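Reviewing the structure listed below.
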Amino acid sequence: MVERLPHPDGFRLLLTPNRSLSWQGNVRIWAALFIVSALIATGFSLAGAWVIIPFAGLELIALACGIYLTSRSCQRQEVLFISNDDIRLEKGRKRKQAEWTLPARYARLQVHSPPHPFTPAKLCLAHRDTEVSIGGFLNIEDTEKLIGMLEQKGLLIERKEPDPKIGLWF
């Protein structure tokens with residue numbers, strides 16, 4: 001998601017992945033699956049197939065790990081601040097973990113066209129030898145929205161096409 005944040009000294013954007021459910025929603029789904037799995041495991045164990053209980057437990061542990069890792073990954077965010085003098089990109093989860101500052105006058109947005117029409121373009125903020133990926137978790141619509149907003153702000157857009165010598169193997 002691309003959200004413009006109010007800022008008195010410049011232009012600020014918050015970039016976050018799309019989150020289909022909150023953490024509480026994920027816990028509720030896991031709890032519902034736990035109940036269903038417990039009922040099925042209890043029924044089979046009462047019928048004499050008690051060996052199903054450890055496998056049901058392993059299945060629920062694996063599901064809980066998957067839900068946790070996915071929710072943790074969806075907490076990533078990037079804050080892009082553009083002023084007259086510089087462009088600052090901050091990345092992190094719950095707090096700032098990395099920061100880059102590029103001169104606004106000489107920085108450019110590199111748009112690497114995707115090799116497949118169902119994938120979004122890869123974006124990089126670049127200045128001299130510094131290239132920083134931006135919005136790697138955005139979908140196609142949000143990527144295009146971000147490109148449009150940065151183009152309106154006056155950032156130089158540099159489009160790069162994929163190498164035609166490299167083929168896709170499916």
Side-chain angles (χ1 to χ4, degrees), residues 1-7 12-81 87-101 109-126 130-150 160-163 166-170:
M1 295 174 45
V2 179
E3 180 183 350
R4 183 166 182 190
L5 300 174
H7 198 274
R12 193 165 67 169
L13 296 174
L14 175 65
L15 311 174
T16 57
N18 289 334
R19 297 181 191 124
S20 57
L21 275 179
S22 65
W23 175 249
Q24 291 82 9
N26 286 325
V27 170
R28 286 185 192 124
I29 286 181
W30 185 83
L33 291 172
F34 175 83
I35 291 170
V36 169
S37 182
L39 289 174
I40 291 171
T42 302
F44 274 99
S45 65
L46 290 176
W50 59 269
V51 76
I52 197 169
I53 293 174
F55 291 105
L58 287 175
E59 176 186 28
L60 290 169
I61 290 171
L63 181 63
C65 289
I67 288 173
Y68 172 77
L69 291 174
T70 301
S71 292
R72 187 170 183 254
S73 176
C74 285
Q75 291 177 350
R76 294 180 296 167
Q77 64 181 11
E78 298 176 3
V79 178
L80 181 65
F81 175 73
I87 297 173
R88 190 173 66 237
L89 177 65
E90 299 172 352
K91 293 184 178 188
R93 197 177 37 240
K94 293 188 179 180
R95 62 178 177 83
K96 178 174 59 172
Q97 295 172 323
E99 178 180 356
W100 295 266
T101 302
L109 179 70
Q110 293 180 343
V111 179
H112 299 272
S113 297
H116 194 276
F118 298 126
T119 57
K122 302 292 182 207
L123 305 178
C124 291
L125 285 174
T130 305
E131 282 189 17
V132 182
S133 68
I134 180 171
F137 44 75
L138 297 176
N139 60 25
I140 295 172
E141 294 82 21
D142 289 337
T143 301
E144 292 299 322
K145 181 179 176 182
L146 177 61
I147 293 169
M149 292 174 90
L150 294 177
K160 295 189 172 203
E161 296 298 322
D163 189 357
I166 301 173
L168 294 176
W169 299 89
F170 289 96

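Keep in mind the model is a prediction, meaning the values are calculated, not measured. Position 1 is the first residue of the sequence; numbering continues from there.
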Q.
Are Leu13 and Leu5 packed together at the side-chain level, in the sense that at least one heavy-atom pair is separated by less than 4.5 angstrom?
A. no
Q) At their closest point, which heavy atom of Cys124 faces which heavy atom of Ile134, and how far apart are they? A) N-CG2, 4.1 Å
Q: Nearest 0.5 Å please: distance from the CG atom of Leu138 over to the NZ atom of Lys122.
A: 10.0 Å
Enumerate, atom names and distances included, each donor-acceptor pair closer than 3.5 Å involving a side-chain atom of residues 92-101, sequence neighbours excluded.
{"unit_1": "Lys96", "atom_1": "NZ", "unit_2": "Glu99", "atom_2": "OE1", "d": "2.9"}
{"unit_1": "Gln97", "atom_1": "OE1", "unit_2": "Arg93", "atom_2": "N", "d": "3.4"}

Q: Decide side chain to side chain contact (heavy atoms under 4.5 Å, CB included) for Leu125 and Leu109; before the verdict, give the C-alpha distance in whole Å, the side-chain angles of both, and the deciding distance to 0.1 Å.
A: CA-CA 5 Å; Leu125 285 174; Leu109 179 70; 4.1 Å; yes
**Q.** Nearest heavy-atom neighbours spanning Leu14 and Val79
**A.** CD1-CG2, 3.8 Å
Show me the donor-acceptor pairs within less than 3.5 Å that the side chains of residues 49-69 make with the rest of the protein, sequence neighbours left out.
none

Q) Hey, is the main chain of Thr70 close enough, under 3.5 Å, to the side chain of Ser73 for a donor-acceptor pair? A) no
Q) Is a donor on one side and an acceptor on the other found under 3.5 Å between the side chain of Ser37 and the backbone of Leu33? A) no
Q: Give the minimum heavy-atom separation between Arg19 and Arg76, together with the two atoms involved.
A: NH2-O, 4.1 Å
Q) In this structure, are over 12 heavy atoms from other groups packed under 6.0 Å from Phe44 atom CZ? A) no
Q.
Counting only heavy atoms not in Met149 (residues, nucleotides, ligands), do more than 12 fall under 6.0 Å from its CE?
A. yes
Q.
Please check this pair: side chain of Glu78 against backbone of Gly135, looking for a donor-acceptor N/O pair closer than 3.5 Å.
A. yes
Q | Separation of Gln110 CD from Glu131 CD (nearest 0.5 Å) | A | 4.0 Å
Q | Side chain proximity check, Thr143 to Val111, heavy atoms < 4.5 angstrom | A | no
Q) Can you tell me how far CZ of Arg12 sits from CD of Glu3, rounded to the nearest 0.5 angstrom? A) 10.0 Å
Q.
Taking CZ in Phe34 as the centre, count heavy atoms belonging to other residues, nucleotides or ligands within less than 6.0 Å. Is the count above 12?
A. no
Q: For residues His112 and Ser133, determine if any side-chain heavy atom of one lies less than 4.5 Å from a side-chain heavy atom of the other.
A: no
Q. Only one of Ile147, Leu80, Asp142 clears side-chain contact (heavy atoms from CB on, under 4.5 Å) with Val2; which?
A. Asp142
